[in-house]
S.K.: 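So that we are looking at the same thing, I have put the structure below in structure tokens.
Residue numbers count from 1 along this sequence.
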Amino acid sequence: MSVSALPSPWVLRPLNAHDVDSLLHIQTICYGNAFLESREVFSQRLTAPHHCSVGVVRAGEHTLQAYLAAYWSTLGKITPLDGPFTPATAGDPVLYLHDMSVLPELSGQGVARYLVQHLMHQARQRGLRHAALVSVQGSQIYWERQGFSVCPVLDAQQSMHLETYGDGALYMTAAL
């Protein structure tokens, strides 16, 4: 499966610690106060060697317009809301898509789909077999269209992590 093109004039780039303010601004616009995560946690995440987060900017500019916070993790491990990214351990490595936000001005332009496809392509190139995420705010159908399906959470600790996202949160996985 090839990765679709990002519509012009947008370009993709890796996220870094200098992006935290822009990232938090986008998160506030897209999620309101329900899913805000702290500056400290995002700073730590974006300096972690196992993150693979990417952002979208207008060509020639630096301000984020969209992002997908993601990292290499372990199948079945759920990052709690406002919790640190834990690196992959023994077991089946997975691409964990933690948080995706696209400013309303880019809505409907395929930016979200591009971000997901791009990171799933990278994961396949690394030999990973799965991607995982937590679906929130009724996004289950969107993620099902991206190839994800609901996966039961049987571990008590991981269930507690899932509960930090509120009612209706679902752990979902996809084969790569």
S.K.: Would you name the heavy atoms of A17 and T47 that are closest together and state the gap between them?
M.R.: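 What the structure gives for the nearest pair is CB-CG2, 3.8 Å.
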
S.K.: Could you state whether W143 and L119 fall into the same hydrophobic cluster, counting links through intermediate Ile, Leu, Val, Met, Phe, Trp or Tyr residues with side-chain heavy atoms under 4.5 angstrom apart?
M.R.: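 W143 and L119: one cluster.
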
S.K.: Between T74 and K77 (side chain of the first, backbone of the second, donor and acceptor by atom type, cut-off under 3.5 Å), is there such a pair?
M.R.: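 No; zero donor-acceptor contacts below 3.5 Å.
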
S.K.: Would you say Y31 and L36 make side-chain contact, with heavy atoms under 4.5 Å?
M.R.: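 In short, these two side chains do not touch, never coming nearer than 4.5 Å.
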
S.K.: Distance from R113 atom CZ to L115 atom CG, nearest 0.5 Å?
M.R.: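 So the gap between those two atoms works out to 11.0 Å.
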
S.K.: Nearest 0.5 Å, please: how far is OG in S135 from CG in L170?
M.R.: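 Interatomic distance, L170 CG to S135 OG, rounded to 0.5 Å: 5.0 Å.
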
S.K.: Looking at every non-hydrogen atom in both residues, tell me the closest pair between D19 and P14 and how far apart they are.
M.R.: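 For D19 versus P14, the nearest heavy atoms are OD2-O, 4.1 Å.
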
S.K.: Can you name the nearest heavy-atom pair linking V94 to H130, along with the distance?
M.R.: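 That would be CG2-O, 3.2 Å.
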
S.K.: Keeping the roles fixed (side chain from T164, backbone from L81), state whether a donor-acceptor pair exists under 3.5 Å.
M.R.: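 Side chain of T164 to backbone of L81, a donor-acceptor pair under 3.5 Å: yes, one is there.
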
S.K.: Might you work through the side-chain hydrogen bond (donor to acceptor under 3.5 Å, both in side chains) test for E144 and Q140, ending with a clear yes or no?
M.R.: CA-CA 6 Å; E144 286 173 342; Q140 177 183 353; 2.8 Å; yes

S.K.: Under a 3.5 Å cutoff, is there a donor and acceptor pairing between the side chains of S101 and Y67?
M.R.: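 Note: S101 and Y67 side chains meet the donor-acceptor criterion.
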
S.K.: First locate atom CZ of F85, then atom OH of Y96, and finally report the distance between them rounded to the nearest 0.5 Å.
M.R.: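 Here the rounded value is 8.5 Å.
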
S.K.: Linking I/L/V/M/F/W/Y whenever any side-chain heavy atoms sit under 4.5 Å apart, do L97 and V54 land together?
M.R.: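 Yes: a chain of side-chain contacts under 4.5 Å links L97 to V54.
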
S.K.: With side chains defined as the heavy atoms from C-beta onward, is the minimum distance between D99 and L68 less than 4.5 Å?
M.R.: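 Counting from C-beta outward, D99 and L68 never come under 4.5 Å.
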
S.K.: Could you state whether L103 and F42 fall into the same hydrophobic cluster, counting links through intermediate Ile, Leu, Val, Met, Phe, Trp or Tyr residues with side-chain heavy atoms under 4.5 angstrom apart?
M.R.: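 Yes, one cluster joins them.
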
S.K.: Locate the shortest heavy-atom distance separating D82 from E37; write the atom from each residue and the value.
M.R.: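 D82 and E37 have their closest heavy atoms at N-OE2, 2.6 Å.
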
S.K.: Within the 4.5 Å heavy-atom criterion, are V150 and M172 side-chain neighbours or not?
M.R.: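 Yes, at least one pair of side-chain atoms sits under 4.5 Å.
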
S.K.: Name the residue from R39, E40, Q44 that meets the side chain to side chain contact (heavy atoms under 4.5 Å, CB included) definition with V20.
M.R.: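 Going through R39, E40, Q44 one by one, the side chain to side chain contact (heavy atoms under 4.5 Å, CB included) with V20 is satisfied by R39 alone.
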
S.K.: With respect to H25, which candidate in T28, I29, D21 satisfies the side chain to side chain contact (heavy atoms under 4.5 Å, CB included) definition?
M.R.: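 It is I29; the other options fail the test.
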
S.K.: Any heavy-atom pair between the side chains of M120 and L95 that's under 4.5 Å?
M.R.: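 SC-SC contact between L95 and M120 confirmed.
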
S.K.: If you take all heavy atoms of A123 and L176, which pair is closest and at what distance?
M.R.: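 Looking at all heavy atoms of both residues, the shortest contact is CB-CD1, 3.5 Å.
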
S.K.: Might you point out which heavy atoms bring P80 and H161 nearest each other, and give the distance in Å?
M.R.: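 Heavy atoms only, the tightest pair is CD-ND1, 3.7 Å.
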
S.K.: Validate the cation-pi geometry between R145 and Y142: distance from NZ or CZ to the six-membered ring centre under 6.0 Å, angle to the ring axis within 45°.
M.R.: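 R145 over Y142 ring: no.
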
S.K.: For V57 and T63, what are the C-alpha separation, side-chain angles and deciding distance, and is it a side chain to side chain contact (heavy atoms under 4.5 Å, CB included)?
M.R.: CA-CA 6 Å; V57 297; T63 304; 6.0 Å; no

S.K.: Among all residues two or more places apart in sequence or in another chain, which pass the salt bridge (charged side-chain N to carboxylate O under 4.0 Å, His left out) test with D155?
M.R.: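 By the salt bridge (charged side-chain N to carboxylate O under 4.0 Å, His left out) rule, D155 matches no residue at all.
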
S.K.: Applying side-chain hydrogen bond (donor to acceptor under 3.5 Å, both in side chains), run through H121 and Q117 and close with a yes or a no.
M.R.: CA-CA 6 Å; H121 178 72; Q117 286 179 354; over 6 Å; no

S.K.: Between W10 and Q109, does a side chain to side chain contact (heavy atoms under 4.5 Å, CB included) hold up when you go through it step by step?
M.R.: CA-CA 10 Å; W10 310 109; Q109 295 184 41; 3.5 Å; yes

S.K.: With rounding to the nearest 0.5 Å, note down the distance linking NE2 in H98 to OG in S73.
M.R.: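 Result: 11.5 Å between the selected atoms.
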
S.K.: Tell me if the aromatic rings of Y71 and H50 count as close, with their centers under 6.0 Å from one another.
M.R.: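 Yes.
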
S.K.: Indicate yes or no: at least one non-hydrogen side-chain atom of H118 is less than 4.5 angstrom from one of L12.
M.R.: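 Answer yes - side chains close enough.
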
S.K.: Does anything in residues 167-176 form a side chain to side chain donor-acceptor pair (under 3.5 Å)? List the pairs, not counting sequence neighbours.
M.R.: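 Sorted pair list comes back empty.
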
S.K.: Mind checking whether I78 and V153 have side chains closer than 4.5 Å, heavy atoms only?
M.R.: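 With C-beta onward as the side chain, the pair touches.
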
S.K.: If hydrophobic clusters are built by linking Ile, Leu, Val, Met, Phe, Trp and Tyr wherever their side-chain heavy atoms come under 4.5 Å apart, do V116 and L106 end up in the same one?
M.R.: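 Yes; L106 is reachable from V116 via cluster members.
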
S.K.: Cluster question for you: counting only ILVMFWY and a side-chain heavy-atom cut-off of under 4.5 Å, with indirect links fine, are L15 and V56 together?
M.R.: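 No, no single cluster joins them.
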
S.K.: Looking at R13, I want to see if its CZ is surrounded by more than 12 non-hydrogen atoms of other residues, nucleotides or ligands under 6.0 Å.
M.R.: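 Counting other residues, nucleotides and ligands, CZ of R13 exceeds 12 neighbours.
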
S.K.: Do F148 and L133 come close enough that some side-chain heavy atom pair is under 4.5 Å?
M.R.: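 A side-chain contact exists here, since the closest heavy-atom pair is under 4.5 Å.
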
S.K.: For residues S53 and L46, determine if any side-chain heavy atom of one lies less than 4.5 Å from a side-chain heavy atom of the other.
M.R.: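 A side-chain contact under 4.5 Å exists here.
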
